[in-house]
Amino acid sequence: MSVNPLDVILIGAGQAGLASAYYLRRAGIDFVMLDAEESSGGAWRHGWNSLRLFSPASFSSLPGWLMPARSATSYPGRNEVIDYLSRYEARYGFRIERPVVVTSVRQIDGCLEVVTDKARWHARAVLSTTGTWRKPFIPDYPGASEFKGRQLHSADYVSEQPFVGQRVAIVGGGNSGAQILAEISKVAETVWVTPQVPVFLPDDVDGHVLFERATARVLGKKDGSEPGGLGDIVMVPSVREARERGALGSVRPFTHFDVNGVVWRDGTRTDLDAVIWCTGFRSALDHLRDLDVVTEDGKVEVNGGQSIKQPRLWLAGYGNWTGAASATLLGAGRAARDMIPRLVASVRRG
Ligand code: FAD
């Protein structure tokens, strides 16, 4: 347990935490990182085996040290990202306590108290970078609890192996849905359920272009008419290969489940063995509930990453509300570069 408050406690040592730590260390700030994982890599540790970045290595780096690339245009796999993050934290010698789960953050006299499953810590400021992986989102569909097939979220998907020979619905029209569909459609009968026709980017548009367009849009420099939101589908090799096989057809959502499958709008039905929800995530903010800062839409009101209601609390990496494209490797670094000088100044003011 710490007796004197630290300057900063950083909750989470995924990419957003590490990018922030880089700038905190450079400013000479006294901080510790508390991370719930057994080892390095944040959410990437839980990605499926074949997961590939949709941004090339050259545009997926954290501040200070480029991600090594097999080629300038290759899309790194999940293990390469974990290896990079692991070497990144070792390179800068960050103090990271693992596995430590933060259960609550409370205001006490002149500082914040961070309660964990191991000990209590105190700090002048807390920076929360807990990401979204621990908060998978599944939309409500009538009858879902009666369906006797298997349901899992992309957060828990590992490989196509358990689905060989089965009838599988993949729900969700983003990059996760497209990549998982591409893999499973090789071994199973699939139906891809998306709210609208998915937006496929041209083959020569990679995640870097996507990132720049999304950032420009958030910063108000684009009118939104150009394709390329962060949810649009990048044609990584596996998705292109699925297109060549004619496996990327999609249908609009069913109305409800029954015991054996789903019922479509026209009343017809399809038997299914499994449904994979590729329907996104929400910010993992349960540990902040005692500060009473989390709004109904599951965010915290911030100004440049600083909580408006609790100025000792800062947040990074959750998405556009904590900085343009801040939930990407490149964006995490840019958001940290903009935010950390203000956090440092506020800690030094007391
Ligand atoms: P995380 O990586 O989730 O790190 C948060 C850390 O906080 C974790 O270690 C977690 O254990 C810890 N934590 C959480 N709660 C607590 C707690 N209460 N106490 C202590 N520790 C806690 N981005 C790109 O730039 N390029 C891509 O190509 C790309 N592809 C993607 C593909 C998919 C399928 C997905 C899902 C995402 C992709 N992303 C990509 C997005 C993004 O890079 C990741 O979502 C990223 O892991 C988010 O990083 P983070 O540091 O914010 O959160």
Side-chain angles (χ1 to χ4, degrees), residues 9-21 32-48 50-62 67 74-78 80-82 84-86 88-89 96-105 114-118 121 126-137 153-155 157 172 174-180 206-208 210-211 214-215 230-231 233-234 236 239 278-281 283-289 315-319 322-323 325-336:
I9 287 175
L10 230 161
I11 308 175
Q15 61 197 36
L18 296 178
S20 305
V32 66
M33 305 176 77
L34 307 178
D35 188 57
E37 299 298 325
E38 295 283 335
S39 61
S40 322
W44 295 105
R45 287 166 42 78
H46 304 291
W48 56 90
S50 66
L51 172 58
R52 295 226 151 255
L53 284 193
F54 50 73
S55 47
S58 46
F59 291 100
S60 303
S61 295
L62 295 179
M67 182 188 290
S74 72
Y75 296 99
R78 144 187 183 255
E80 288 166 80
V81 182
I82 295 171
Y84 170 63
L85 296 182
S86 164
Y88 187 91
E89 63 184 47
I96 304 177
E97 303 283 334
R98 283 193 179 101
V100 173
V101 179
V102 173
T103 51
S104 167
V105 180
V114 176
V115 182
T116 79
D117 59 348
K118 306 265 172 14
W121 300 75
V126 166
L127 170 52
S128 183
T129 66
T130 49
T132 58
W133 209 276
R134 284 165 186 256
K135 203 96 181 158
F137 170 73
H153 191 275
S154 63
Y157 175 77
N175 282 287
S176 307
Q179 286 192 26
I180 291 176
D206 63 27
H208 163 240
L210 198 64
F211 169 82
T215 304
L230 276 174
I233 294 164
V234 179
V236 296
V239 178
C278 301
T279 39
F281 296 84
S283 302
L285 300 174
D286 289 354
H287 58 294
L288 301 179
R289 88 182 77 69
L315 297 103
Y318 295 100
T322 52
S326 67
T328 64
L329 282 150
L330 193 60
R334 292 189 186 175

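Atoms within each ligand, like the ligands themselves, are counted from 1 in listed order. Because only heavy atoms are used, hydrogens play no part in the values below, and waters and symmetry mates are left out as well, while side chains stay in. Residue numbers count from 1 along this sequence.
- Nearest heavy atoms, Y318 versus S128: OH-OG, 2.8 Å.
- Take D117 and apply the salt bridge (charged side-chain N to carboxylate O under 4.0 Å, His left out) test, not counting sequence neighbours, and it matches no residue.
- Protein residues lining ligand 1, listed by chain and number: I11, G12, A13, G14, Q15, A16, L34, D35, A36, E37, G42, A43, W44, W48, L51, L53, F54, S55, V100, V101, V102, T129, T130, G131, W133, R134, S176, G317, A327, T328, L329 [non-hydrogen atoms, distance under 4.0 Å].
- Residues P76 and S55 share a closest heavy-atom pair of CD-O, 3.5 Å.
- Formation of a donor-acceptor pair under 3.5 Å by the T103 side chain with backbone atoms of V115 is found in this model.
- Here R52 pairs with nothing under the salt bridge (charged side-chain N to carboxylate O under 4.0 Å, His left out) rule; sequence neighbours left out.
- Qualifying salt bridge (charged side-chain N to carboxylate O under 4.0 Å, His left out) partners for R134, counting only residues two or more places apart in sequence or in other chains: E37.
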